[in-house]
There are 2 protein chains.
Amino acid sequence: MIATLTEIKSQFKELGIKSTIPRTVIYQSLMKFEHHPSAEEIYLGIQKKYAGVSLATVYKTLDLLVQKGLAHKVVTDEDKVRYDARTDQHIHLYCNKTKKIMDYEDPTLEQIIMDYLNKKGIPGFNFSQIQVNIKGEISNKKINRKL
Amino acid sequence: MIATLTEIKSQFKELGIKSTIPRTVIYQSLMKFEHHPSAEEIYLGIQKKYAGVSLATVYKTLDLLVQKGLAHKVVTDEDKVRYDARTDQHIHLYCNKTKKIMDYEDPTLEQIIMDYLNKKGIPGFNFSQIQVNIKGEISNKKINRKL
DNA sequence: TCTCAAATAAGAATTATTATTAATTAAATG
DNA sequence: CATTTAATTAATAATAATTCTTATTTGAGA
């Protein structure tokens with residue numbers, strides 16, 4: 001799932017993105033986060049590996065990745081925008097407690113929704129994308145596992 | 001659908017919200033918008049009716065309405081937070097072109113999703129609310145109607 | 001290696017939102 | 001109905017996320 005530097009570089013090349021150290025580091029960092037970081041989290045996360053990068057570059061690079069289809073914006077009721085390196089159709093789980101946003105894969109549910117909407121249509125609206133966000137709380141499985 | 005001043009006042013009273021002119025004007029304005037205004041849109045919208053209200057009061061009042069369950073925040077990829085006077089379960093249609101956000105009612109679809117998720121569950125997650133956002137474009141029905 | 005357009009760092013600027021505080025107002029009470 | 005008082009508001013300063021500016025640096029091709 002996590003691309004090597006070489007893979008990233010060729011991916012950039014295909015999309016006409018000039019390959020630079022900040023960009024590859026930022027993209028790699030974004031992919032490593034399992035729960036959708038903000039620009040600042042990425043900025044802080046890469047300080048060990050590449051301390052020179054500026055926050056403005058992080059913002060600009062994330063915008064570029066979104067433009068080129070390598071990332072998606074993820075918004076919440078909170079103030080900061082967050083980013084997702086996955087751009088295929090998937091569901092997001094929002095944890096009210098930890099504020100983590102997690103990917104959730106359920107192709108069946110997605111298919112059910114798409115089938116329903118394609119059959120029924122929406123009067124006066126041409127839809128192109130469906131987003132399903134599920135809010136709740138992470139339930140710690142380990143507690144039960146021990147019992 | 002749009003409440004009278006008397007109705008709003010008694011609604012406020014029930015919820016322990018002190019009734020003031022700015023609050024009733026802001027709430028009424030929010031209810032009148034059919035496509036989910038930002039705080040600034042409400043601020044501008046009430047200038048004719050009640051010019052004295054400050055933008056800070058609009059923000060504070062909207063937050064209060066959200067806290068008390070009379071409104072919901074609606075977020076987008078854009079910068080501003082928007083508000084929705086409807087707090088029952090419903091779907092949002094996001095128009096990519098006009099940036100309008102519209103309510104869409106489809107209890108059947110909502111039921112299908114809830115039934116599926118209730119039956120299947122989500123491992124490691126207790127969900128409490130499902131949000132469905134549909135992105136696309138408004139299609140102008142009037143063009144076809146004339147032909 | 002050299003060239004040069006493109007990208008970056010640093011920090012200033014902008015914009016949405018929140019905090020502060022003195023003045024105003026709504027509601028309760030007499 | 002007038003008075004009291006705590007809550008609310010207007011005005012504006014402060015904050016925080018994001019974007020812009022510009023001088024410097026860098027990567028890719030010749």
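Heavy atoms only: backbone and side chains are in, while hydrogens, waters and symmetry mates are out. Quick caveat: nothing in here was measured; it's all calculated off a predicted structure.
Listed nucleotides C/dA19, C/dT25, C/dA16 differ in distance to B/Ala56; the shortest reach to its side chain belongs to C/dA19. In the set D/dA17, D/dG29, C/dT8, the nucleotide with an atom closest to the side chain of A/Pro22 is C/dT8. Proximity note for B/Ser54 (side chain, C-beta onward) versus C/dT18, C/dA9, D/dA10: the nearest is D/dA10. Checking C/dA9, C/dT8, D/dA17 against the side-chain heavy atoms of A/Thr20 singles out C/dT8 as nearest. Distances from the side chain of A/Lys18 to the nucleotides C/dA16, C/dA26, D/dT26 place D/dT26 closest. Of all nucleotides listed (D/dA17, D/dT18, C/dA10), D/dT18 comes nearest to the side chain of A/Val81.
C/dT18 atom P lies 7 Å from atom OH of B/Tyr59, rounded to whole Å. One interatomic measurement links the two molecules: CG of A/Leu55 to P of C/dG11, which rounds to 13 Å at whole-angstrom precision. Distance, A/Lys80 NZ to D/dT19 C1': 16 Å, rounded to whole Å. Put simply, CD1 on A/Ile42 is 15 Å from C1' on D/dT18, counting in whole angstrom units. Spacing between atom CD1 of A/Ile26 and atom C1' of C/dT8 amounts to 10 Å, rounded to whole angstrom units. In this structure, A/Ile21 places its CD1 atom 8 Å from P of D/dT26, rounding to the nearest Å. Rounded to whole Å, the distance from NZ on B/Lys60 to P on C/dA19 is 10 Å. Between A/Leu64 atom CG and C/dA6 atom C1' there is a gap of 12 Å when expressed in whole angstrom units.
Between B/Asp106 and A/Lys120, at least one side-chain nitrogen of the basic residue sits less than 4.0 Å from a carboxylate oxygen of the acidic one, meeting the salt-bridge criterion. For the pair B/Arg86 and B/Asp88, the salt-bridge criterion is met [side-chain N within less than 4.0 Å of a carboxylate O]. Classification of A/Glu14 and A/Lys9 as a salt-bridged pair fails, no side-chain N sitting under 4.0 Å from a carboxylate O.
For B/Asp63 and B/Lys13, each mapped to the nucleotide of DNA chain C holding its nearest heavy atom, the one lying further toward the 5' end belongs to B/Asp63.
Nucleic acid contact for A/Ser19: sugar-phosphate only, since backbone atoms but no base atoms lie under 4.0 Å from a heavy atom of the residue. Contact annotation for B/Ala39: no contact, since no heavy-atom pair falls under 4.0 Å across all strands.
For the salt bridge (Lys or Arg N to Asp or Glu O under 4.0 Å) with A/Lys99, the lone residue among A/Glu137, A/Glu78, A/Glu41 that qualifies is A/Glu78.
Here the shortest heavy-atom pairing between B/Ile26 and B/Ile42 reads CG2-CG2, 4.1 Å.
Contact between the side-chain N/O atoms of A/Thr57 and the OP1/OP2 oxygens of C/dA9 is found at a separation under 4.0 Å. For the pair A/Arg23 and C/dT8, the criterion of a side-chain N or O lying under 4.0 Å from OP1 or OP2 is met.
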